[in-house]
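Order of the sequence lines fixes the chain letters, A, B, ..., with proteins taken first and strands second; residue numbering starts at 1 for each chain. In this text the structure is predicted, and so the values were computed from the model without any measurement.
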Amino acid sequence: MEDKYGRNVEEKWQKWWADNGTYKFQDADLIKPVYSIDTPPPFTSGDLHMGHVLSYSYFDFAARYKRMRGFNVYYPQGWDCQGFPTEVKVEQKYGRKPPEEFRKLCQEWTVACIDKMKSQMIQMGFSPDWRYEYRTMSPEYHKKVQYSLLKMHEKELVFRGKHPVFWCTKCMSALAKSDTEEAPRQSTLNHLIFTSAKGDVIIATSRPELLHACVAVLFHPEDKRYAKFANEAVTTPLGKQVKMIPDRDVDPTFGTGALMVCTFGDKMDVVWMYRYNLPIIEAFTQDGKVINGPEYLNGLKAEDAKKKIIETLQAEGKVVKIEPLSQVVKVHDRCKRPVELMLSSQWFCKIKGKSDEIIAGAKAMRWVPDFAISHLIDWATTVEWDWVISRQRVFGTPLPFRHCPQCNKDYPADYSELPFNPAVAQEKKCPDCNEILVPEKSTCDCWVDSSITPLVIAGWPDDEERFKRLYPVSLRPQGVEIVRTWAFYTIYRSLALTGKPPFKELLLNGNVLAPDGKKMSKSLGNIIAPDQLIEKYYTDSVRQWAALSGAMAKDRPFSYQDLTYSKSFLNKLWNASKFIGTAITGYVPDESHKAGLELPDKWILSRLQSLTTQVTEDFENYEFHHATKAIHQFFWNELCDYYLEYVKYRIYRDDVPKESALAARYTLHMALLASIKLLAPVMPHATEEIYSIFAESVGDGSRRSIHHAAWPVADAKMSDAAAEKKLVLINEVVSQVRQFKSANKLALNAELASLAITAPEDISEGKAALAACTGAKAVSFAQGDLSVKIKN
RNA sequence: GGGCCUGUAGUGGAAUGGUUAACACGUCUGCCUUACACGCAGAAGACUCGGAGUUCGAUCCUCCGCGGGCCCACCA
């Protein structure tokens with residue numbers, strides 16, 4: 001055992017574990033039960049953040065615990081490579097490039113990011129089997145994603161259709177919702193006159209320039225003002241007839257309580273369009289100019305069109321009033337221009353109508369904590385339309401389809417063509433018209449990639465043997481905030497592709513907030529970098545912090561206090577272990593040594609049994625916080641603070657009976673060995689090093705890792721309620737003596753003339769320990785309520 | 001607007017339908033006692049957000065209010 005604990009110790013074992021394949025999944029072992037983990041592939045930003053540290057620590061604890069419980073742990077690690085942020089960074093660095101070249105640059109960039117993050121993971125002592133690393137940008141991964149899409153296409157769950165998407169008319173690009181932000185602006189609410197046989201209807205709109213795309217007028221079903229118009233036709237100021245439809249989502253208090261649905265002014269229009277199967281009118285071109293409108297509007301930009309149409313309608317007497325309106329609009333986060341909804345040809349995955357089976361699948365799995373499933377149920381029950389899976393991006397998985405421009409039909413790629421890449425795909429012709437088919441250039445939404453991770457890690461679809469062994473996976477750990485995406489899509493796709501729910505258990509973690517309770521963000525400058533913490537506090541402290549944070553599906557502020565404490569405990573563990581290590585040097589444990597067990601020995605061994613039971617139960621429930629706390633309490637406040645003081649004389653002095661000396665060593669051996677095993681999942685480095693104290697009892701000299709040692713099992717025979725009861729009294733006596741010395745400004749090792757103890761139980765068995773621990777030259781006992789008379 | 005979570009000493013946070021509500025950091029007082037000063041022994045510090053209810057009894061259960069967090073929807 002090294003003299004001092006530090007980064008050198010941690011690095012030494014990290015290397016040793018890698019060299020010895022400590023965390024390898026035992027492919028050939030078909031007997032051990034398998035425990036598989038579908039770990040989150042982090043987005044390859046290049047940096048592990050505190051949220052990663054927390055959540056990855058969490059399931060690393062689970063993996064290590066299960067390994068010690070005799071499971072064959074399958075713990076792969078993947079990388080979610082493809083995404084807009086990478087494209088942005090690569091473009092910033094290299095400028096715009098042709099697609100294939102750009103994709104290569106993105107890949108190189110990503111590889112560098114992965115290298116960095118991987119080394120951070122190793123520093124954190126995470127224990128995946130790196131042989132099973134996967135990258136969503138690799139050809140093999142693309143192949144599996146595309147295979148999954150072809151399969152779902154065969155089941156008609158994947159299809160192409162026209163769908164409104166967020167669109168930036170300045171950048172001429174489709175946007176994901178995450179590319180948008182909100183901006184307040186001053187606008188106007190315009191009250192326009194619609195006419196009908198039953199009278200006029202005044203509707204209020206902030207976007208009169210969309211009037212030509214008006215396809216319906218809606219009002220609230222209980223709004224008496226409009227009840228008589230239900231399902232009647234009204235005429236827009238442009239002379240078009242549309243229907244009046246009652247709808248529960250209309251706010252009768254806003255404007256006039258009647259609104260026009262335009263395809264598309266905002267997202268709600270899209271909802272209504274689907275709800276009532278309304279026609280779609282393209283209102284703008286891709287560069288934001290009016291189309292399909294009245295002559296005087298066509299070709300104008302939205303802002304100009306708005307002015308123009310208001311002027312015109314006012315002149316025609318069709319405007320009742322114009323009032324100011326402050327509103328919040330979605331803008332493109334990069335150019336700050338308002339975003340439009342544009343009809344566009346996209347690929348979809350059928351989701352609508354699938355809620356019941358997804359919820360049923362979710363309910364078939366254990367959610368920890370259980371309330372987290374509500375996030376999924378809420379989401380599943382409010383799905384309004386199908387999942388748009390295509391993105392007009394470069395760095396992504398290509399959709400494996402071709403399109404006939406003539407017949408307007410889609411053709412899936414052949415399985416033999418996978419991985420399909422439109423840039424190099426062979427030319428194919430339309431079976432109907434012989435026209436050359438156009439390979440799809442869009443790429444997949446990144447959730448398409450990541451929603452098959454439990455399948456991919458289990459060898460799907462080629463390796464049936466492995467798949468049977470590894471699927472469904474035992475554990476899916478993930479953040480609550482992506483239940484609606486990662487968990488939702490994964491459950492759905494896994495069910496669709498295999499008919500079976502993908503996990504047995506889900507473990508949900510929350511996020512790490514900055515010490516001020518706010519979200520960590522670059523703009524607030526409150527980010528805490530894990531690397532610096534490791535440098536200063538060491539990995540095993542950071543891991544303890546993660547355990548103590550206990551953020552089960554809840555957000556927790558980062559706390560330096562917990563980290564400081566964790567480091568203190570690490571130090572305590574280290575020093576106590578050094579002491580015990582010296583005490584038991586050359587000691588070979590033997591059951592016969594139990595014959596000499598004394599009262600304090602029986603006590604601490606009894607406490608150890610209940611601790612073992614408690615900690616085991618906590619680990620089963622992923623209550624790492626509780627488990628860690630319990631071990632700390634035992635080790636520090638019972639073993640170190642009392643027990644070690646009771647036995648020291650049996651270690652140091654030569655005049656103690658041999659039986660007593662052996663029993664003390666037996667107890668120390670047992671207590672330390674069990675303690676470090678219980679701590680091993682959380683503090684893998686320190687416990688591994690301390691484990692070397694026990695090297696000789698391991699046998700042949702070839703070093704075995706503590707992480708393959710058997711998890712302790714409580715032994716009921718070692719439980720001793722009587723001893724525990726007596727030690728409560730003895731500890732109390734010691735405490736009183738310590739108070740006496742403190743009050744009298746005596747050194748704690750000062751000798752005392754005598755102790756006269758009155759206790760409700762016969763605790764005279766502890767006389768020697770008491771005398772040694774308190775420095776009392778004489779100790780006497782009497783029966784009665786607890787009291788201590790001290791003479792110095 | 002909807003959903004979920006949450007409100008406990010200066011700070012971070014346990015726990016419990018019932019005696020003095022953990023523990024840690026910080027603070028204060030002693031002590032460098034042959035594992036550890038990243039330590040040891042003590043001490044101070046909490047009307048457990050406010051209100052109502054259930055109960056013999058609530059910090060814990062219910063409701064209302066106020067506050068915080070996260071997610072989602074919407075702003076015609």
* On the ring face of A:Tyr642, is A:Arg738 found with NZ or CZ under 6.0 Å from the centre and within 45° of the axis? -> yes
* Select base, sugar-phosphate, or nothing to describe what A:Tyr565 touches, counting heavy atoms under 4.0 Å on all strands. => sugar-phosphate
* Structure fact -> Among B:rC38, B:rG39, B:rG12, the one nearest any side-chain atom of A:Lys572 is B:rG39
* Does a side-chain heavy-atom distance below 4.5 Å link A:Val368 with A:Leu508? -> no
* **Candidate nucleotides B:rA22, B:rG42, B:rC40, ranked by approach to the side chain of A:Gln739 - the nearest** => B:rG42
* Asked: Between B:rG69 and B:rC23, how far is it from one P atom to the other, in whole Å?
  -> 31 Å
* Asked: Are A:Ser568 and B:rA24 close enough that a side-chain N or O sits under 4.0 Å from OP1 or OP2?
  -> no
* How far apart are the closest heavy atoms of A:Thr687 and A:Ile676, and which atoms are they? -> CG2-O, 3.4 Å
* Answer yes or no: does a side-chain N or O of A:Trp379 lie under 4.0 Å from OP1 or OP2 of B:rG2? => no
* Would A:Trp447 and A:Phe488 count as a close aromatic pair, with their ring centres under 6.0 Å? -> no
* Base partner of B:rA41, which must satisfy Watson-Crick or wobble distances under 3.5 Å -> B:rU29
* **Spacing of the P atoms in B:rC74 and B:rG67 (rounded, Å)** => 26 Å
Is there any protein nitrogen or oxygen under 3.5 Å from a nitrogen or oxygen in nucleotides 67-71 of chain B, and what are the pairs?
unit_1 : atom_1 : unit_2   : atom_2 : d
B:rC71 : OP1    : A:Lys519 : NZ     : 3.3
B:rC71 : O2'    : A:Arg484 : NH1    : 2.1

* Which part of the nucleic acid does A:Thr582 contact within heavy-atom distance under 4.0 Å: base, sugar-phosphate only, or nothing? -> nothing
* If you pin A:Glu623 and A:Lys648 to their nearest nucleotides in RNA chain B, which one's is more 5'? -> A:Glu623
* To do: Starting from P on B:rA15, measure out to CD on A:Gln633 and report it in whole angstrom.
  => 15 Å
* Asked: Distance between the C1' atoms of B:rA41 and B:rU33, in whole angstroms?
  -> 11 Å
* Choose from B:rG10, B:rC4, B:rA73 the nucleotide whose nearest atom is closest to any side-chain atom of A:Ser374. => B:rC4
* **Distance, rounded to the nearest Å, where A:Trp636 contributes CH2 and B:rA24 contributes P** => 8 Å
* To the nearest Å, how far apart are A:Asn571 CG and B:rC36 P? -> 10 Å
* Asked: What's the CG-C1' distance between A:Asn637 and B:rC23, to the nearest Å?
  -> 9 Å
* For A:Cys262, answer base if it contacts any base atom (sugar-phosphate contacts may also be present), sugar-phosphate if it contacts only those atoms, and nothing otherwise; contact means non-hydrogen atoms under 4.0 Å. => nothing
* Could you give the distance from OG1 (A:Thr205) to NE2 (A:His191), rounded to the nearest 0.5 Å? -> 10.0 Å
* Give the rounded distance in Å between these two atoms: CD of A:Gln614 and P of B:rA22. => 19 Å
* To do: Can you figure out which of B:rG42, B:rG12, B:rG39 approaches the side chain of A:Arg738 most closely?
  => B:rG42
* **Any strand: nucleotide that pairs with B:rA22 via Watson-Crick or wobble, under 3.5 Å** => none
* To do: Could you tell me if the ring centre of A:Phe619 sits under 6.0 Å from that of A:Phe624?
  => yes
* Looking across every strand, which nucleic acid part, if any, lies under 4.0 Å from A:Ala204 by heavy atom: base, sugar-phosphate, or nothing? -> sugar-phosphate
* Structure fact -> Per atom distances to the A:Met268 side chain, the nearest of B:rC38, B:rC74, B:rA14 is B:rC74
* **Chi angles and distances behind the side chain to side chain contact (heavy atoms under 4.5 Å, CB included) call for A:Tyr276, A:Asp247** => CA-CA 10 Å; A:Tyr276 299 111; A:Asp247 184 277; 2.4 Å; yes
* **Min side-chain heavy-atom separation A:Lys741-A:Leu752 under 4.5 Å** => yes
* **Distance flag, aromatic centroids of A:His163 and A:Tyr274, threshold under 6.0 Å** => yes
* Asked: Salt-bridged, A:Lys567 to A:Asp540, with N to O below 4.0 Å?
  -> no
* **Euclidean distance for P, B:rA44 against B:rA22 (whole angstrom)** => 12 Å
* Per A:Lys4 side chain, nearest of listed nucleotides B:rA14, B:rC38, B:rG10 -> B:rC38
* Asked: Say you pick atom P in B:rC49 and the same atom in B:rC60; how far apart are they, in whole Å?
  -> 8 Å
* To do: Check every atom of B:rC25, B:rG13, B:rC40 against the side chain of A:Pro557 and return the nucleotide holding the closest atom.
  => B:rG13
* **Spacing of A:Arg248 atom CZ relative to B:rC74 atom P, expressed in whole Å** => 13 Å
What protein N or O atoms touch nucleotides 26-33 of chain B N or O atoms at under 3.5 angstrom, if any, and at what distances?
unit_1 : atom_1 : unit_2   : atom_2 : d
B:rU33 : O4'    : A:Asn749 : OD1    : 3.4
B:rU33 : O4'    : A:Asn749 : ND2    : 3.0

* **Pair partner, B:rU59 [Watson-Crick or wobble, under 3.5 Å]** => none
* To do: To the nearest Å, give me how far apart NZ (A:Lys578) and P (B:rC38) are.
  => 14 Å
* **Per A:Asp266 side chain, nearest of listed nucleotides B:rC75, B:rC38, B:rG12** => B:rC75
* Nearest-Å distance for atom pair CG/P, residues A:Asp378 and B:rC5 -> 10 Å
* How are the rings of A:Trp574 and A:Tyr5 set relative to one another: parallel (under 30°), tilted (30 to 60°) or perpendicular (over 60°)? -> perpendicular
* Asked: Counting side-chain heavy atoms from C-beta on, which of B:rA22, B:rC74, B:rG13 comes nearest to A:Arg556?
  -> B:rG13
* With a 4.0 Å cut-off on heavy atoms, is A:Trp574 in touch with a base, just the backbone sugar-phosphate, or nothing at all? -> nothing
* A:Phe569 vs A:Asn575, nearer the 5' end of RNA chain B by closest nucleotide -> A:Asn575
* Between B:rG53 and B:rU11 - P atom distance, rounded Å -> 31 Å
* Asked: Under 4.5 Å between any side-chain heavy atoms of A:Val290 and A:Phe284, yes or no?
  -> yes
* Asked: Mind checking who B:rG50 pairs with, Watson-Crick or G-U wobble, both distances under 3.5 Å?
  -> B:rC64
* **Distance between C1' atoms of B:rA9 and B:rU27 (Å, rounded)** => 12 Å
* Distance between P atoms of B:rG7 and B:rA14 (Å, rounded) -> 8 Å
* So what does A:Asp251 hit on the nucleic acid, given a heavy-atom distance under 4.0 Å: a base, only sugar-phosphate, or nothing? -> base
* To do: Return the set of residues passing salt bridge (Lys or Arg N to Asp or Glu O under 4.0 Å) with A:Asp386 (not counting sequence neighbours), or none when no residue passes.
  => A:Lys350
* Asked: So what does A:Val261 hit on the nucleic acid, given a heavy-atom distance under 4.0 Å: a base, only sugar-phosphate, or nothing?
  -> nothing
